[in-house]
Amino acid sequence: MANIKSAKKRILVTETRTARNKSIRSAVKTSIKKVEAAITANDKEAAQTALSAAISEISKAASKGVYHKNTAARKVSRLTKAVNKLA
């Protein structure tokens, strides 16, 4: 355990940020699963709705620094491509 006051504070701040990042990542994963479930069910309209929600979640995560912008772009691209294949 840390003895120095600043080190103790860093531990607390790290725990807080880790919890926040974990929550945001979890929300992104859930939204992606919803899109994939709609694709599996072959429901184009539900997939489109879920896709827009997922893109929003992914963009928020990228803007908060949880995901790198290229990672976010890759996730959005793959989901969009999968939804567009339904046609």
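Below, all heavy atoms of this structure are taken into account, side chains as well, without hydrogens, waters or symmetry copies.
Note that OG1 of Thr49 is 8.5 Å distant from CG of Asp43, once rounded to the nearest 0.5 Å. With rounding to the nearest 0.5 Å, the separation of CD1 in Ile58 from NZ in Lys60 is 12.0 Å. Taken from OG in Ser59 to NZ in Lys64, the straight-line distance is 11.5 Å, to the nearest 0.5 Å. The CD1 atom of Ile55 lies 13.5 Å from the NZ atom of Lys75; values are rounded to the nearest 0.5 Å. Rounding to the nearest 0.5 Å gives a distance of 12.0 Å between CD1 of Ile11 and OG1 of Thr16.
Annotation for Ala38 and Ala46: closest pair CB-C, 3.9 Å, computed over non-hydrogen atoms. Taking every heavy atom of both residues into account, Lys8 and Asn3 meet most closely at CE-O, 3.7 Å. Nearest heavy-atom pair across Arg10 and Thr14 is O-OG1, 2.7 Å. Closest heavy-atom contact between Ile39 and Leu86: O-CD2, 3.8 Å.
For Ile4, the CD1 atom sits in a loose shell: 12 or fewer heavy atoms of surrounding residues, nucleotides or ligands are nearer than 6.0 Å.
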Result block: side-chain N/O donor-acceptor pairs under 3.5 angstrom for residues 28-37, not counting sequence neighbours:
{"unit_1": "Thr30", "atom_1": "OG1", "unit_2": "Ser26", "atom_2": "O", "d": "2.9"}
{"unit_1": "Ser31", "atom_1": "OG", "unit_2": "Ala27", "atom_2": "O", "d": "3.4"}
{"unit_1": "Ser31", "atom_1": "OG", "unit_2": "Val28", "atom_2": "O", "d": "2.7"}

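Taking 4.5 Å as the limit, every side-chain heavy atom of Lys9 sits out of range of all side-chain heavy atoms of Lys5. Between Arg25 and Val66 there is a side-chain heavy-atom pair separated by less than 4.5 Å.
With hydrogens and angles ignored, the 3.5 Å screen pairs no side-chain donor or acceptor of Ser77 with any backbone N or O of Ala73. Side chain of Ser23 to backbone of Ala19: no donor-acceptor contact under 3.5 angstrom is found.
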